[in-house]
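Data first, discussion second: the structure below is written as structure tokens.
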Amino acid sequence: MFPELNNLLNTTPDKAEQGKLTLLCDAKTDGSFLVHHFLSFYLKANCKVCFVALIQSFSHYNIVGQKLGVSLTTAQERGQLVFLEALKTLVDIFFQTPAEPHPLQFLREASAGNLQPLYAFVREALKPGDGREATWRHPVLLVDDLSVLLSLGVGAVAVLDFIHYCRATVCTELKGNVVALVHDSGDTEDEENDLLLSGLSHQSHLILRAEGLTTGFCKDVHGQLKVLWRRPSQPAAQRDRSLTYQYKIQDKTVSFFAKGLSPAVL
């Protein structure tokens, strides 16, 4: 995890909030560093994590995690991490007939859209133990990233339904958290992606939006991060609070600073 980002969000693994939906969004840049932050954050917080990885391999996340002080292999062996590696399971989906529905079974269906097996996988992965297992803190669902489901033919309404059921189970019933990444297509006319992003934004308690610089590439400033704290149940005038920072990604950390105050230009 990145200590400076924790400071901006006023949180630590010891006092992680519960019952929250966090939306990670990137536009004209790569926001995967936010995924790595929350993955390592919740593992260090001793939470039970279900990670639905739709875009990268387990080894990729494990290598980055080791730089951030966590071992995904160890967490998996301890039963703390349940990892669904989509890239590795594609062969099983297309060339084998599983005895039970596969979480990504929709890939074999003529009309993609049934995410019930994926929800069932999440629910089973995060259900409370029977007392014989290690005791973890609240459960966390992490998805990287939901935009891939749209690319695979799943409709935005089906993805929103999936998140709705996950919120009901993870956030409300189990008092845990849901964190999901969605790409912002920006200038591209993509109604499904816009619908997904808009729907999730209205439900989220915290939105982290990484954006590329409008001025183009800079070696000392890699982008800007907009942080929006939301209270969906409050009146509009009391609902939102936002801050904007610029950042620079380094080998094992990310530095944040106010706009125009990069150490390189002071």
Find out whether Leu228 and Leu206 are in side-chain contact, i.e. whether some heavy atom of one side chain is under 4.5 Å from a heavy atom of the other.
-> no
Got a donor-acceptor contact below 3.5 angstrom from the Ser40 side chain to the His37 backbone?
-> yes
After noting the C-alpha distance and the side-chain angles of Lys48 and Leu126, does the key distance pass the side chain to side chain contact (heavy atoms under 4.5 Å, CB included) rule?
-> CA-CA 7 Å; Lys48 179 69 177 286; Leu126 295 179; 3.9 Å; yes
Under the side-chain hydrogen bond (donor to acceptor under 3.5 Å, both in side chains) test, residues paired with Thr74 that sit two or more places apart | Ser71
Gln80 (side chain) donor-acceptor with Trp136 (main chain) under 3.5 angstrom | no
Taken to the nearest 0.5 Å, the spacing of Leu141 CG from Cys50 SG works out to 5.5 Å
From CD (Gln224) to CZ (Phe257), nearest 0.5 Å = 11.0 Å
Atom CD of Glu191: over 12 foreign heavy atoms under 6.0 Å | no
Shared ILVMFWY cluster between Ile63 and Phe2, side chains joined below 4.5 angstrom?
-> no
So which heavy atom on Thr11 is nearest to which on Ala16, and how close?
-> OG1-CA, 4.2 Å
Distance-only donor-acceptor check, side chains Asp145 and His183, under 3.5 Å | yes
Between Gln250 and Thr253, is a side chain to side chain contact (heavy atoms under 4.5 Å, CB included) present by the stated rule, with each step listed?
-> CA-CA 5 Å; Gln250 303 175 54; Thr253 189; 4.2 Å; yes
With sequence neighbours excluded, give me every ring-ring contact (aromatic ring centres under 6.0 Å, His included) pair touching residues 44-87.
-> His36-His60, His36-Tyr61, Phe51-Tyr61, Phe51-Phe83, Phe58-Phe83, Tyr61-Phe83
Considering non-hydrogen atoms only, spot the tightest contact between Gln56 and Leu87 and give its length.
-> C-CD1, 3.7 Å
Of the non-hydrogen atoms in Asn46 and Arg78, which two are nearest, and what is the gap between them?
-> OD1-NH2, 3.9 Å
Closest non-hydrogen atom pair between Asp251 and Lys67, with its separation = OD1-NZ, 3.1 Å
Hey, are the side chains of Leu43 and Leu72 touching, using non-hydrogen atoms and a 4.5 Å cut-off?
-> yes
Do Cys25 and Leu197 have side-chain heavy atoms sitting under 4.5 Å apart?
-> yes
May I ask you to check whether over 12 heavy atoms, not counting those of Lys252, lie within 6.0 Å of atom NZ?
-> no
Which donor-acceptor pairs under 3.5 Å do the side chains of residues 159-169 make with protein atoms, sequence neighbours left out?
unit_1: Arg167; atom_1: NH1; unit_2: Gln203; atom_2: OE1; d: 3.0
unit_1: Thr169; atom_1: OG1; unit_2: Tyr119; atom_2: OH; d: 2.6
unit_1: Thr169; atom_1: OG1; unit_2: Tyr165; atom_2: O; d: 3.2

For residues Arg230 and His205, determine if any side-chain heavy atom of one lies less than 4.5 Å from a side-chain heavy atom of the other.
-> no
Short question: side chain of Asp26, backbone of Ala210 - any donor-acceptor pair under 3.5 Å?
-> no
With a cut-off of 6.0 Å (strictly less than), are more than 12 heavy atoms of other residues, nucleotides or ligands near CD of Gln18?
-> yes
Hey, does Leu104 have a side-chain heavy atom less than 4.5 Å from the side chain of Leu152?
-> no
Quick check: does any side chain N or O of Ser198 sit under 3.5 Å from a backbone N or O of Asp194, one acting as donor and the other as acceptor?
-> no
Straight-line distance of Leu21 CG to Ile207 CD1, nearest 0.5 Å = 8.5 Å
For Ser147 and Asn193, which heavy atoms make the closest approach, and how far apart are they?
-> OG-OD1, 3.4 Å
Out of curiosity, Leu39 CG to Leu81 CG, how far, rounded to the nearest 0.5 Å?
-> 6.5 Å
What is the distance from atom CZ of Phe121 to atom CD of Gln105, rounded to the nearest 0.5 Å?
-> 14.0 Å
Inter-residue atom distance Leu5.CG - Leu208.CG, 0.5 Å rounding | 6.5 Å
Which ring-ring contact (aromatic ring centres under 6.0 Å, His included) pairs, counting each pair once, include a residue from residues 13-35, with sequence neighbours left out?
-> Phe33-Tyr247
Give a yes or no on whether Gln116 atom CD has more than 12 heavy-atom contacts from other residues, nucleotides or ligands under 6.0 Å away.
-> no
Hey, does Val122 have a side-chain heavy atom less than 4.5 Å from the side chain of Val82?
-> no
With a 4.5 Å heavy-atom cut-off, do Ser57 and Lys88 have their side chains touching?
-> no
Hey, is the main chain of Phe106 close enough, under 3.5 Å, to the side chain of Asn114 for a donor-acceptor pair?
-> no
Thr12-Asp14 side chain donor-acceptor pair, cut-off 3.5 Å = no
Decide side chain to side chain contact (heavy atoms under 4.5 Å, CB included) for Asn62 and Gln66; before the verdict, give the C-alpha distance in whole Å, the side-chain angles of both, and the deciding distance to 0.1 Å.
-> CA-CA 6 Å; Asn62 193 37; Gln66 289 175 347; 3.7 Å; yes
Full working for side chain to side chain contact (heavy atoms under 4.5 Å, CB included) between Thr244 and Leu225 = CA-CA 6 Å; Thr244 300; Leu225 180 70; over 6 Å; no
Here the salt bridge (charged side-chain N to carboxylate O under 4.0 Å, His left out) pairs for residues 197-214, sequence neighbours left out, are Asp184-Arg209, Arg209-Glu211, Glu211-Lys226
Test item: Leu181 and Leu34 side chains (from C-beta on) under 4.5 Å apart, heavy atoms | no
Residues Val154 and Ala158: closest non-hydrogen pair is CG1-CB, 3.7 Å
Which residues pass the ring-ring contact (aromatic ring centres under 6.0 Å, His included) test with His138, sequence neighbours left out?
-> none
